[in-house]
Amino acid sequence: MKKACVIGWPISHSRSPLIHNYWLQRYGIAGSYERIAVAPADLEKFFARIRNGEFVGCNITLPHKETTLVHLDRVEDEARISGSVNTIYWEGTNLVGTSTDGTGFADNVTATVKGFAWAGQKVLVLGAGGSARAVMAGLLRRKVEGVTVWNRTAQRAEALSQQFGEKVSAVAGDALIDAARIADVIVNTTSAGFSGTPQLDFPFKEISQKKIVSDIVYVPLVTPILQQAKAYGHTIVPGLGMLLYQAVLGFEKWFGRRPEVTQELHDLVARDIEEGQTL
Ligand SMILES: NC(=O)c1ccc[n+]([C@@H]2O[C@H](COP(=O)([O-])OP(=O)(O)OC[C@H]3O[C@@H](n4cnc5c(N)ncnc54)[C@H](OP(=O)(O)O)[C@@H]3O)[C@@H](O)[C@H]2O)c1
């Protein structure tokens, strides 16, 4: 029986088992997907278990997304660019790491907004953390026209724009309003507004054109910035879909079947979030 897992410290909050076990059951695959608590000091021991053939692969969550890089035989571009790994799989005898967050984000918007295609879009990214890097890497692969990045700590946005090259520019201060007016898509990658933390005060009242507004945070399911965007008539794309779409590639690599993100799966995970409201 093929075994996969998600590792993190802590790990009890992870909803990945709900997603992968739904697919295993739906497709009648004899496999398993479990949560494994791995303390930072035990990461090497966990990799010894993988290399012994115990698992067909795994997901990686905090705090191991960066420290995992040194344990791999090959790191895919998505993971190298974003500096973090969330999915590991075997390619022959090589252990490969990738980051599926950028693809998960991009596919979620495409699946949610009818007729939408990324090519030629202008995107405003709020935040300059690990997820912002993954989202930007995903966007640039999809040939967007350009990305503007804003961050509370302006130097981090500037550093990102330099890392990503000419298609990416940083904005600060009032220039955020101009960038928002020009953008087709606005995405929040900051943790502001996450599970009751102070929300981002985004200047929607200054923007008259209708936009697509997405948030990668999915607790609560409709975050404060999405509530505001909806109230101003923008099209919203909640972050839960990103969590579901980022899981597709791992399942396919481990269990040999590309799984479908169904409404039933969405509702299953949404219910779990509504009942728990934790990370
Ligand atoms: N939907 C999904 O599948 C998915 C996948 C990955 C992550 N996420 C979520 O994405 C969020 C960000 O993750 P991350 O790994 O990028 O975190 P991170 O690397 O710690 O970055 C956090 C970002 O949020 C900003 N920030 C934090 N508090 C803020 C506030 N009060 N006002 C304005 N900006 C604030 C930080 O700005 P400074 O630089 O100024 O500190 C930074 O840009 C997390 O909540 C995570 O759960 C969702």
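If you read the sequence from its start, that first residue is 1, and numbering goes on from there. Given the structure is predicted, the values throughout are model-derived calculations rather than measurements.
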Original post:
Does the distance from a Lys or Arg side-chain N to an Asp or Glu carboxylate O, for R49 and D42, drop under 4.0 Å?
Top reply: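 Looking at D42 together with R49, the answer is no, because their closest N to O distance does not fall below 4.0 Å.
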Original post:
Please walk me through it: do D101 and S82 pass side chain to side chain contact (heavy atoms under 4.5 Å, CB included)?
Top reply: CA-CA 9 Å; D101 281 340; S82 61; over 6 Å; no
**OP:** Determine, step by step, whether W23 and V261 satisfy the side chain to side chain contact (heavy atoms under 4.5 Å, CB included) criterion, reporting the C-alpha distance in whole Å, the side-chain angles of both residues, the deciding distance to 0.1 Å, and the verdict.
**Re:** CA-CA 9 Å; W23 282 329; V261 174; 4.2 Å; yes
**OP:** For the pair N86 (side chain) and T100 (backbone), establish whether a donor and an acceptor sit closer than 3.5 Å, ignoring hydrogens and angles.
**Re:**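 Checked: pair present.
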Original post:
Taking the side chain from T189 and the backbone from L126, do they hold a donor-acceptor pair closer than 3.5 Å?
Top reply: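 Flag set: sc T189 to bb L126 pair under 3.5 Å.
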**OP:** Start with the C-alpha gap between Q121 and I212, add the side-chain angles, then the distance that decides, and say whether side chain to side chain contact (heavy atoms under 4.5 Å, CB included) holds.
**Re:** CA-CA 11 Å; Q121 303 285 345; I212 293 169; 5.9 Å; no
Original post:
For D174, does the CG atom sit with more than 12 other heavy atoms under 6.0 Å from it, leaving out its own atoms?
Top reply: no
Original post:
Does atom CG of D201 have more than 12 heavy-atom neighbours from other groups under 6.0 Å away?
Top reply: no
Please report whether the ring centroid of [Y] lies less than 6.0 Å from that of [X].
X	Y	result
H71	F46	no
Y22	F251	no
W150	F202	no

What pair of heavy atoms forms the shortest contact from [X] to [Y], and how long is it?
X	Y	value
L243	R15	CD2-CB, 4.4 Å
L69	G83	CD1-O, 3.6 Å
V38	H64	O-NE2, 2.6 Å
V113	T235	CG2-CG2, 4.2 Å
V248	P259	O-CD, 3.6 Å
D184	G120	OD2-O, 4.3 Å

Between [X] and [Y], a side-chain donor and acceptor under 3.5 Å:
X	Y	result
S99	E78	no
Q25	N21	no
Y89	E76	yes

Subject >> Given L24, V6, I11, the one that forms side chain to side chain contact (heavy atoms under 4.5 Å, CB included) with P17 >> reply: V6
Original post:
Where does the angle between the aromatic ring planes of W118 and F105 fall among parallel (under 30°), tilted (30 to 60°) and perpendicular (over 60°)?
Top reply: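 Rings of W118 and F105: tilted, as their planes differ by 30° to 60°.
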**OP:** Please lay out, stage by stage, how D73 and R51 fare under the test side chain to side chain contact (heavy atoms under 4.5 Å, CB included).
**Re:** CA-CA 11 Å; D73 300 315; R51 289 194 182 274; 3.2 Å; yes
Original post:
Any link between V187 and Y218 through a network of hydrophobic side chains (Ile, Leu, Val, Met, Phe, Trp, Tyr) touching at under 4.5 Å?
Top reply: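 No; tracing contacts between hydrophobic side chains, which count when under 4.5 Å, never links both residues.
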